[in-house]
Number of protein chains: 2
Amino acid sequence: MNIGEIAKRAGVSRSTVSYALTGKRPVSEATKSRIQAVIDELGYRPNASARALKEGRTRTIGLVIPPAGRRLTDMQLGFVASVVDAAARADLDVLLSPSGGEHDRSFERVVTGRRVDGVVLMEIRLEDDRVARLLQSGLPFVGIGRTGHPEDMSWVDIDYETLIAKCVHHLADLGHRHLALVNRNAELVAAGYGPGHRAQAGFDRAIAERGLHGVHVCCADDAQAGQSCLGQLLAQHPELTAIATINEAAVAGMYRALAEAGLSVPGDFSIAGVAAQHWAENLHPPLTAADVPADELGASAVELLIQRISDPDTPHRHLLVAPPISLRSTTGPVRPRV
Amino acid sequence: MNIGEIAKRAGVSRSTVSYALTGKRPVSEATKSRIQAVIDELGYRPNASARALKEGRTRTIGLVIPPAGRRLTDMQLGFVASVVDAAARADLDVLLSPSGGEHDRSFERVVTGRRVDGVVLMEIRLEDDRVARLLQSGLPFVGIGRTGHPEDMSWVDIDYETLIAKCVHHLADLGHRHLALVNRNAELVAAGYGPGHRAQAGFDRAIAERGLHGVHVCCADDAQAGQSCLGQLLAQHPELTAIATINEAAVAGMYRALAEAGLSVPGDFSIAGVAAQHWAENLHPPLTAADVPADELGASAVELLIQRISDPDTPHRHLLVAPPISLRSTTGPVRPRV
DNA sequence: TTGTAGGCGTTATCAA
DNA sequence: TTGATAACGCCTACAA
């Protein structure tokens with residue numbers, strides 16, 4: 001079923017059908033309705049590949065997510081959902097590319113085969129091959145996250161450095177003197193994962209400013225790891241009374257480790273973090289955290305991308321969000337340990 | 001950058017470049033390496049739209065997920081991840097379509113614009129417009145889930161009816177006489193969501209077979225709903241000693257409601273369910289549950305779909321899985337309530 | 001071993 | 001207001 005068939009049955013030329021469909025040229029009411037009738041009868045829809053070939057754009061954006069197999073965090077899922085949602089509202093389709101490995105065929109296909117008009121890139125490292133690849137290709141893209149050279153690209157990001165510093169100050173205000181930062185998993189941080197490094201920088205800075213004692217650990221992104229990780233931490237550093245974290249997936253496990261150690265939250269021990277709002281609220285007890293507006297960030301990324309696609313020579317734009325910390329049930333004044 | 005440019009620079013014809021790329025005709029080593037050198041230098045990749053137009057296939061599959069905005073369950077996320085993963089292994093791209101509403105533009109685009117070679121459809125209802133639409137369109141598709149007329153289509157599914165019946169029998173064997181089934185959210189079940197209805201059927205059957213007392217409730221798909229839902233249930237039916245559920249998202253809340261009511265698990269109260277293995281294991285306490293192999297199901301769906309794409313006239317195939325119940329920490333013998 | 005040419009289904013330019 | 005026709009970039013008979 002193609003446009004020629006419709007034209008034949010409606011007794012007009014193919015171009016007239018095309019114009020009746022796009023509205024880019026006036027078509028008389030009579031022929032328009034005749035064409036529409038045939039289209040409805042045969043259920044015709046323009047072939048997307050042909051249209052893309054002719055128009056030079058696909059009306060599709062790529063969304064590059066962390067490799068399949070790895071479990072996405074709740075915040076990452078929020079990004080995916082909001083990107084897909086925002087794209088759908090703009091009548092854009094989303095092509096998913098799980099990538100990040102070495103020679104990633106999926107990523108190459110998406111970037112280089114003109115399959116998409118632009119790309120939203122997630123989980124960016126300070127030095128990121130994919131960013132280099134995209135810059136070189138000239139394909140419009142927007143990062144959710146940024147590299148160490150953030151001026152070269154458009155991005156939306158969370159200001160982990162500021163937020164973790166805020167968490168430390170909040171805890172310091174409550175009298176805590178011995179804090180730990182629980183980071184994401186060690187491989188990710190070692191690979192130059194921006195939030196991991198920026199969180200550590202913010203932590204170190206605030207610790208120094210307030211004259212506190214801080215330790216830093218990486219922890220795999222799941223509850224069991226959180227439990228064993230905090231268990232060890234408490235054994236090695238019994239003086240700790242509070243934790244700041246960007247590892248939302250591990251928090252449930254940390255609660256368990258504290259319960260095991262006979263420490264109540266927030267009576268004996270405080271936790272503050274950076275997490276997706278939905279997640280922080282639904283945790284038990286609800287986590288005192290900087291509520292990351294994942295929905296807005298994804299939508300903003302799509303918005304920026306659409307703009308870059310329509311005008312690639314526009315200067316890069318950046319959006320760095322530092323939401324306020326919502327006080328919930330996991331931070332309280334320090335109570336001297338007996 | 002197109003094939004003509006490569007041909008010109010390599011001093012050969014376009015067809016020779018094409019054949020050098022596809023290998024469908026022998027090309028001398030000399031010219032082949034010359035062509036490759038030019039390709040590497042210019043970073044050329046064939047235009048996917050042109051190729052799709054010519055070949056009549058896109059090397060892309062559609063994945064229709066529940067509408068954006070709604071939170072996906074852990075099991076659904078497992079399906080998405082495994083479908084994306086399996087597709088990537090087969091060098092297929094995945095186009096995401098959040099749909100399920102009334103007139104869904106995204107769904108129509110995917111199904112009808114020849115944007116994809118086939119579709120994996122999730123969260124299917126007993127009567128499902130999208131299935132009707134796909135059948136009518138002739139586009140190959142595979143359901144994760146099935147309608148009330150399951151012979152008309154290819155699918156993979158979880159045998160909720162059998163599994164919930166098994167849960168009931170397991171609980172009955174432990175001496176429980178008063179059980180409740182906690183279903184998914186009421187709208188979904190009212191809309192004819194298959195697993196909801198089949199779970200209820202299995203529950204009713206097993207309850208009758210064992211001469212037990214059963215109640216049935218729907219519950220929104222989140223922890224807070226689980227908490228309030230079970231709270232009410234315990235108030236209205238104090239005789240209850242066990243629950244069977246397919247609502248994994250609500251389980252954490254049910255734990256809280258039981259703790260609030262002063263009931264220990266599994267000492268005073270048992271819970272058995274159907275859930276993604278990863279989820280059941282990571283819950284605290286770990287849930288006794290039929291471990292749904294979400295990864296395998298997604299991969300199987302893709303496998304079936306690839307087969308249907310390559311041979312659309314093959315008979316429909318079905319895969320109904322009923323994994324064994326893994327005994328973890330949430331079911332135990334009934335203990336008379338004082 | 002390589003080149004020529006036609007067509008996949010659209011859109012858009014040029015004529016009428 | 002409408003029609004004929006030339007691309008878009010690729011693949012693949014058919015020829016040489």
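Every heavy atom of this structure was used, including side-chain atoms; hydrogens, water molecules and symmetry mates were not. A quick note: this is a predicted structure, and the numbers were derived from the prediction, not measured. Per chain, numbering begins at 1; letters A, B, ... match sequence-line order.
- Rounded to whole Å, atom P of D:dG3 lies 15 Å from atom NZ of A:Lys8.
- Rounded to whole angstrom, the span from the CG atom of A:Asn2 across to the P atom of C:dC8 amounts to 8 Å.
- Of the N and O atoms on the side chains of B:Ser99 and B:Ser106, not one donor lies less than 3.5 Å from an acceptor on the other residue.
- Counting non-hydrogen atoms under 4.0 angstrom, B:Ser18 reaches a base of the nucleic acid.
- For A:Ser13, taking side-chain heavy atoms from C-beta onward, the closest of the listed nucleotides D:dG3, C:dT1, D:dT12 is D:dG3.
- For B:Ile3, the side-chain atoms get nearest to D:dC10 when compared with the rest of D:dC10, D:dT1, C:dT10.
- B:Arg115 and A:Ser49 form no side-chain donor-acceptor contact under 3.5 Å, judged by distance and modelled atom types alone.
- Screening A:Arg125, A:Arg184, A:Glu123 for a side-chain hydrogen bond (donor to acceptor under 3.5 Å, both in side chains) with A:Tyr193, the sole residue that qualifies is A:Arg184.
- Residues A:Lys32 and A:Glu29 are paired through a salt bridge, judged by an N-O separation under 4.0 Å between the basic side chain and the carboxylate.
- Rounding to whole angstrom units, CZ of residue A:Arg14 and C1' of D:dA6 are separated by 10 Å.
- If you check every strand for non-hydrogen atoms under 4.0 Å, A:Ser15 touches a base.
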Taking only N/O atoms, report every protein-nucleotides 14-16 of chain D pair under 3.5 Å with atom names and distance.
unit_1: D:dC14; atom_1: N4; unit_2: B:Arg25; atom_2: NH1; d: 3.4

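- Looking at residues 29-62 of chain A, you'll see A:Thr31, A:Leu53, A:Lys54 sit with a heavy atom under 4.0 Å from some atom of DNA chain D.
- A sub-4.0 Å separation between OP1 or OP2 of C:dA12 and a side-chain N or O of A:Lys24 is present.
- A donor-acceptor contact closer than 3.5 angstrom links the side chains of A:Gln36 and A:Asp40.
- When heavy atoms are screened at a 4.0 angstrom cut-off, A:Gly11 is found touching the sugar-phosphate backbone but no base atom.
- Between the side chains of B:Ser18 and B:Ser15, no donor-acceptor pair is found at a separation under 3.5 Å.
- None of B:Leu121, B:Ile124, B:Asp152 except one satisfies the side chain to side chain contact (heavy atoms under 4.5 Å, CB included) rule with B:Thr147; the exception is B:Ile124.
- Taking 4.5 Å as the limit, every side-chain heavy atom of A:Asp91 sits out of range of all side-chain heavy atoms of A:Arg59.
- The pair B:Asp157-B:Arg146 meets the salt-bridge criterion, since a charged nitrogen lies less than 4.0 angstrom from a carboxylate oxygen.
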